[in-house]
Amino acid sequence: MSDRLLVASRKGLFRFRFSGGEWRAGAPAFPGEPVSALLADPRDGRLYAALRLGHFGVKLHRSEDGGETWTELAAPALPAGTGGATDLPGIDMIWTLVPGGADAKGVLWCGTLPGALFRSGDGGETWSLVESLWNMPERANWSGGGYDHPGIHTILVDPRDAARLTVAVSTGGIWKSTDAGASWRLAGRGLRAEYVPPALANDPASQDVHRLASCRAAPDIVWCQHHNGIFLSIDGAETFAEIAPVAPSAFGFAVAAHPADPATAWFVPAVKDECRIPVDGRLVVNRTSDGGRSFQALRTGLPGGASYDLIYRHALDVDGTGARIAMGSTTGNLWVGMDGGERWTLVSAHLPPIAQVAFG
Amino acid sequence: MQVNAERLHHPTVFTQSLYPGQRMPRISFTANLQRHVSSPPREVPAGTVREALEAVFAENPRLRSYLLDEHGRLRRHVSIYVNDRMIADRGGLADALAGEDEIFVFQALSGGR
């Protein structure tokens, strides 16, 4: 089980260690600064932290010593003039950082707001816009989902073949590449949108995917937390089937997939899109262990009432064994669940709003 | 000596050495920037705000992305004043400078997180 837990928050990056039966953290890195994404690269142990400085823009830092010291790298940026429009925004936020293939040391992928995909071949020192996706004509129909601009929040790299990429856009559907990003096509048939006219409800490009998670041992199993439901794919996000009804709610942002058991995944429900708080004030983690046929609301150790915690899409993580789950909320609460979420422990109630948690 | 007026605004020409004794604009940066990038005040050979910034970036390239976005525009939550006047051209940064001018780079009151 993982004994290190990293937390990206609105006011710094916290490193927790499990020792003597307790999770403890020292002073944060980047105190006071918004950390929008992090990556603990399992291939070489490097840490990456993306900052979203309120005044001075998006920054990227890397640590070679487990977070003791950091070096600033060039952050992904849109080439000058990209897109043609004079009012085109620059990169506003790094939303996700993921490693490339296990044998492709130094290859990183990055998804941003506005919705751009970047690749680095040198451990984040330089970045290239993946123009093949940026130039897809359908991108003109992507739209903001929560933020003013569409964004790329999920990048799945197939562990069997790192050239096979799956990218999810909020809002702009699911895009797949089988040639390491040279070309792309729209996937995600079967997703259903309630927030567009009926004729567009099944349009794959209109889908507001909140987060995808795939089973590492069976990567064709892809769980989707969507704006208006929960969906499951057994063919690598090509097609999805809706799982309904889901109690207490099918609305949420986060999903985590068990690394070894394709039938198990975790979700964190909220009331609905216009009421992003736990149902009846009771925070639960919804786990299915039978491929979505049923859900169990895990609540032991979680607030039994008067909770207003929302779990952002990157703020739920499962460790490599599937036994430990970490969860951080916009209220600054951090929990670790044991035995696959059967029992939860409040690690801290005094953190800043949490953007991401990651074991590693 | 015949002086070509256009050349006066070229930063490589508009220097103290060409005009001995003439003052150059002086640029200084908010203290809130110092914890990210060291940026001490300095005099700059410049006829516009952009030339002033470029002169600083030439010696301190990391500073560029803190003040300008990738399209070369002043970041939304950064403010630049020339003396007591906020600059007018946040995109082109073409506001003209004279030798006595003081350029102040602040963070805007908006943009805090």
Side-chain angles (χ1 to χ4, degrees), chain A residues 8-12 29-36 49-61 70-94 112-114 116 118 125-129 134 147-149 330 352-355, chain B residues 27-42 48-54 56-81 86-95 103-113:
Chain A
S9 85
R10 183 80 66 88
K11 297 186 186 290
F30 314 108
E33 309 292 4
V35 184
S36 63
L51 308 185
R52 188 193 190 196
L53 302 180
H55 301 93
F56 304 123
V58 166
K59 308 296 169 210
L60 181 65
H61 293 254
W70 296 84
T71 302
E72 185 176 352
L73 308 174
L78 294 171
T82 307
T86 54
D87 60 350
L88 182 81
I91 297 302
D92 178 46
M93 183 171 86
I94 291 176
T112 63
L113 274 168
F118 291 87
E125 298 198 12
T126 59
W127 293 90
S128 303
L129 174 68
W134 183 257
Y147 292 96
D148 288 350
H149 296 280
T330 53
I354 293 170
Chain B
I27 187 167
S28 59
F29 301 90
T30 168
N32 290 333
L33 197 50
Q34 307 303 318
R35 63 187 172 133
H36 301 293
V37 187
S38 173
S39 43
R42 51 165 290 184
T48 66
V49 169
R50 182 170 296 281
E51 288 172 3
L53 291 175
E54 290 295 342
V56 179
F57 298 155
E59 294 185 359
N60 190 354
R62 207 158 68 83
L63 185 60
R64 178 186 298 272
S65 80
Y66 282 77
L67 302 181
L68 307 183
D69 71 10
E70 56 260 69
H71 305 298
R73 302 169 303 204
L74 189 62
R75 287 198 178 280
R76 188 173 159 204
H77 300 299
V78 173
S79 304
I80 298 182
Y81 289 77
M86 191 179 285
I87 63 167
D89 183 8
R90 296 178 59 88
L93 301 172
D95 296 60
I103 309 158
F104 300 98
V105 179
F106 288 116
Q107 66 178 36
L109 294 180
S110 57
R113 290 199 170 116

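Below, chains carry the letters A, B, ... as their sequence lines are ordered, and counting in each starts from 1. When reading the values below, keep in mind they use all heavy atoms of this one structure, side chains included, and skip hydrogens, waters and symmetry mates.
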Discussion item. Heavy-atom pairs under 4.5 Å with chain A - which of Glu70(B), His77(B), His36(B) has more of them than the others?
Written reply: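 Sorted descending by pairs with chain A, the first entry is Glu70(B).
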Worksheet, complete the sentence: If you tally heavy-atom pairs under 4.5 Å between each of Ala108(B), Gly111(B), Gly72(B) and chain A, the highest tally belongs to Gly111(B)
Of the backbone (N, CA, C, O) and the side chain (C-beta and beyond), which part of [X] lies under 4.5 Å from a heavy atom of chain A, both, or neither?
| X | answer |
| --- | --- |
| Leu33(B) | both |
| Ser110(B) | backbone |
| Arg76(B) | neither |

Practice prompt. Using a 4.5 Å cut-off on heavy atoms from C-beta on, say whether the side chain of Thr30(B) contacts that of Phe56(A).
Written response: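 With C-beta onward as the side chain, the pair touches.
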Worksheet item: Is there a side-chain contact between Tyr66(B) and Lys59(A), using heavy atoms and a 4.5 Å cut-off?
Response: yes
Discussion item. Could you work out, with ring pair (Phe, Tyr, Trp, His ring centres under 6.0 Å) as the rule, every residue matching His61(A), not counting sequence neighbours?
Written reply: Phe30(A)
Fill in: By ring pair (Phe, Tyr, Trp, His ring centres under 6.0 Å) - contacts of Phe57(B) (at least two apart)
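Per chain and number, Phe57(B) pairs via ring pair (Phe, Tyr, Trp, His ring centres under 6.0 Å) with no residue.
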Fill in: Pair Arg42(B) + Glu59(B): basic N to acidic O under 4.0 Å
yes
